[in-house]
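Worksheet: the structure to be examined is printed underneath.
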Protein chains: 2
Amino acid sequence: MKCSVARTLSVIGDRWTMLIVRDAFLGKRRFADFQDDLGMTRHRLSARLGKLIDEGILMRVRYQDRPPRFEYRLTEKGIDLYPVIVAMLRWGDRWMAGADGPPIELVHKNCGKHVMPALTCPACKEEVNARTMSARPGPGLRRRSHPPVARISSRKE
Amino acid sequence: MKCSVARTLSVIGDRWTMLIVRDAFLGKRRFADFQDDLGMTRHRLSARLGKLIDEGILMRVRYQDRPPRFEYRLTEKGIDLYPVIVAMLRWGDRWMAGADGPPIELVHKNCGKHVMPALTCPACKEEVNARTMSARPGPGLRRRSHPPVARISSRKE
DNA sequence: TGACTAAGTTCTATTTTGGAACTTACTATT
DNA sequence: AATAGTAAGTTCCAAAATAGAACTTAGTCA
C-alpha cells in the first residue's frame, strides 16, 4: 500500500470511525455517550473503540476506581485528525446542507471570528484546490528498483 | 442526521469510495483502471461507481460509440473533495508513513513549490488546529422548536 | 434484598462483500 | 467464417461483517 491516503483509510475508512472521532472532538468521552449519540450497537462500538486504541488514536483512561470505569480520549495522533473532520464538515456544509444552513459553526479562538478554515499553500499563502495542485512521486516511491506502481499524472483539464 | 460530517460520511464513509476518488484525481477514468489499481471486485466497483454517480460525485461519459464505452470523471462536487483527500494524505504522511518517506508529493502550480497545504483561518491567516478552534451550534440547529440533539461543548484541555 | 448503572461480551439472524464465472457488443487475427 | 481478444459490466453463491437482543460484571443506592 504505497499511498498515504490508503494508509489513512485503512484506519478511518469505515462508516463509524470518524463519527466517533467527531464526537470525541465535541467532548464526548464515555462509552454510553458515544452509544447514545451514534446509535450504533454496543458490540460494534466496543470493537471500534478497541481498534482506535490499537491504532493510537484514542486512549483508555480510568476515571473511577470502584467499580472500575474508563473513558476514551483523543491522543495527539487523534487530535491531528482535526483537518480531516474540518474538510468533511466543509464539504458537507457546501454540498449536503439542509435548508436550515449548517448545523455547526466553527470559531477561531485566536481571532474570535466565525470562520470555515481553508486549505492554503504554506509557501505563498494562497488558497489551493485540485486545479492549482499537482501530484508527483515522492521519496517513498522514487528510490525503487521495481517500476513505480502507476505513472502519476496530474489532471489536465 | 444533523451534522455535516455525518452527511459527508454517508456518501464517502466506506473502505473504497475515497480510493476511487483519489484515483480519479490521479487521472484514472476507466472501469479497468480503477479495478486494476484498487484490486476490488468488479461487482463492488460497479456498485460504488453507481453510487458515486447517483450522489453527483462522478459522471459517466461515453468516450467511444461502437462498442459503447464509458469513463468516469469527477464533477465539481467531486473535485471539491480534494481538501478531504489532502487532509488524509497529510495525516497518513505524518502518522503512517513507511521508512522511505511519503510516496507522493504535492506541488502548488501557482508558486511552483513542493508543499503540503495546511488548514488556515481565512480571517487572520493563521494555521488552525483542534486546540485553536471551537464548535458552536449553527443556523441549522439554532432555530429549532425541539431541543438540540446534543449540547455542543468545546473541548476544554 | 432488589433495583439500578456503566461498560462491556456473547449469541444468532441478516446484510454486505468477495470471488469466480458469465454476458454483451464489438474489433482483430488466422 | 470461425476464433480470440477487449472493455465494461452482471449474476450467483460462499464467506465475512454487522445488527439487535440478551446476558455479564462490578459495583452503588434505597
Side-chain angles (χ1 to χ4, degrees), chain A residues 1 6 9-21 23-24 26-55 57-75 78 150-151 153, chain B residues 1 6 9-21 23-24 26-55 57-75 78 150-151 153:
Chain A
M1 196 168 33
L9 283 165
S10 73
V11 183
I12 64 162
D14 73 289
R15 192 168 139 211
W16 295 111
T17 298
M18 285 307 275
L19 291 175
I20 294 173
V21 172
D23 274 4
L26 291 174
K28 298 199 194 309
R29 297 178 171 190
R30 298 191 186 173
F31 194 91
D33 293 339
F34 293 109
Q35 217 246 311
D36 293 348
D37 188 61
L38 299 176
M40 64 194 294
T41 66
R42 301 167 185 295
H43 183 70
R44 285 290 87 208
L45 178 57
S46 179
R48 276 290 128 200
L49 290 173
K51 186 173 184 200
L52 286 169
I53 288 163
D54 290 347
E55 298 285 354
I57 289 170
L58 293 178
M59 54 192 169
R60 192 159 175 265
V61 180
R62 193 181 202 118
Y63 70 86
Q64 164 184 303
D65 276 336
R66 282 192 328 281
R69 291 283 183 267
F70 300 88
E71 60 181 22
Y72 300 89
R73 295 195 201 181
L74 290 165
T75 61
R151 192 56 47 200
S153 62
Chain B
M1 197 168 32
L9 284 166
S10 73
V11 182
I12 64 164
D14 74 289
R15 192 168 139 211
W16 295 111
T17 299
M18 285 308 274
L19 292 175
I20 295 173
V21 171
D23 275 4
L26 291 174
K28 299 200 194 305
R29 295 178 171 190
R30 298 191 186 172
F31 194 91
D33 293 339
F34 293 110
Q35 218 247 310
D36 294 348
D37 187 62
L38 300 177
M40 62 193 296
T41 66
R42 303 167 184 295
H43 184 70
R44 284 288 87 208
L45 177 57
S46 179
R48 275 291 130 198
L49 290 172
K51 184 169 186 202
L52 287 169
I53 288 164
D54 291 347
E55 298 285 355
I57 289 170
L58 294 178
M59 53 191 168
R60 192 160 174 264
V61 180
R62 194 181 202 118
Y63 70 88
Q64 165 184 304
D65 276 336
R66 282 190 330 283
R69 291 283 183 269
F70 300 88
E71 59 180 24
Y72 300 88
R73 296 196 201 179
L74 289 165
T75 60
R151 191 59 47 197
S153 63

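Residue numbers begin at 1 in each chain, while the letters A, B, ... track the order of the sequences. This structure is a prediction, so every number in the text was calculated from the model and none was measured.
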Gap between atoms CD and P, on Q35(A) and dT18(D) respectively (whole Å) = 16 Å

ask   = Quick one: does M40(B)'s side chain get under 4.5 Å of I20(B)'s, heavy atoms only?
value = yes

ask   = Under the salt bridge (charged side-chain N to carboxylate O under 4.0 Å, His left out) test, which residues partner D54(B), sequence neighbours left out?
value = none

ask   = Is F31(A) close to R42(A) at the side-chain level, that is, under 4.5 Å between some pair of heavy atoms?
value = yes

query = Does R48(B) have any salt bridge (charged side-chain N to carboxylate O under 4.0 Å, His left out) partners at least two apart in sequence or in another chain, and if so, which?
reply = D14(B)

ask   = R15(B): what forms a side-chain contact (heavy atoms from CB on, under 4.5 Å) with it, not counting sequence neighbours?
value = none

query = In whole angstroms, how far is the P atom of dG8(C) from the CG atom of L49(A)?
reply = 7 Å

message = Holding to salt bridge (charged side-chain N to carboxylate O under 4.0 Å, His left out), I want the full list of residues that pass it with R62(A), two or more places apart in sequence or in another chain.
response = D65(A)

task = For T75(A), enumerate each residue passing the side-chain contact (heavy atoms from CB on, under 4.5 Å) test, keeping only those at least two apart in sequence or located in another chain.
result = M59(A), K77(A)

message = OP1 or OP2 of dT9(C) versus the side-chain N and O atoms of S46(A): is any pair under 4.0 Å?
response = yes

key: Atom-pair distance (CZ on R62(B); P on dA7(D)), nearest Å   = 17 Å

Min side-chain heavy-atom separation V21(A)-I12(A) under 4.5 Å = no

Identify all pairs in which a protein N or O lies below 3.5 Å from an N or O of nucleotides 5-7 of chain C, and state each distance.
unit_1, atom_1, unit_2, atom_2, d
dA6(C), O4', R69(A), NE, 3.1
dA6(C), O4', R69(A), NH2, 3.4
dA6(C), O3', Y63(A), OH, 3.3
dA6(C), N3, R69(A), NH2, 2.9
dA7(C), OP1, Y63(A), OH, 3.0
dA7(C), OP1, F70(A), O, 3.3
dA7(C), OP2, A32(A), N, 3.3

inquiry  = Among residues at least two apart in sequence or on other chains, which ones pass side-chain contact (heavy atoms from CB on, under 4.5 Å) with T41(B)?
reply    = H43(B), R44(B)

query = Are the side chains of D33(A) and D23(A) in touch, meaning some heavy atoms are under 4.5 Å apart?
reply = no

message = So L45(B) and L49(B), do their side chains get closer than 4.5 Å, heavy atoms only?
response = yes

query = Roughly, in whole Å, what's the span from CG in L45(B) to C1' in dT10(D)?
reply = 13 Å

query = Starting at CE of M40(A) and ending at P of dA19(D), how long is that distance when rounded to a whole Å?
reply = 7 Å

ask   = Between which residue ranges does DNA chain C form stems of three or more consecutive Watson-Crick or G-U wobble pairs, both distances under 3.5 Å?
value = C:1-30 with D:1-30

Enumerate the protein-to-nucleotides 12-17 of chain C contacts in which both atoms are nitrogen or oxygen and the separation is below 3.5 Å.
unit_1, atom_1, unit_2, atom_2, d
dT17(C), OP2, R44(B), NH1, 2.7

request  = Find which nucleotide of DNA chain D each of G39(A) and R66(A) is nearest to by heavy atoms, and output the residue with the more 5' nucleotide.
outcome  = G39(A)

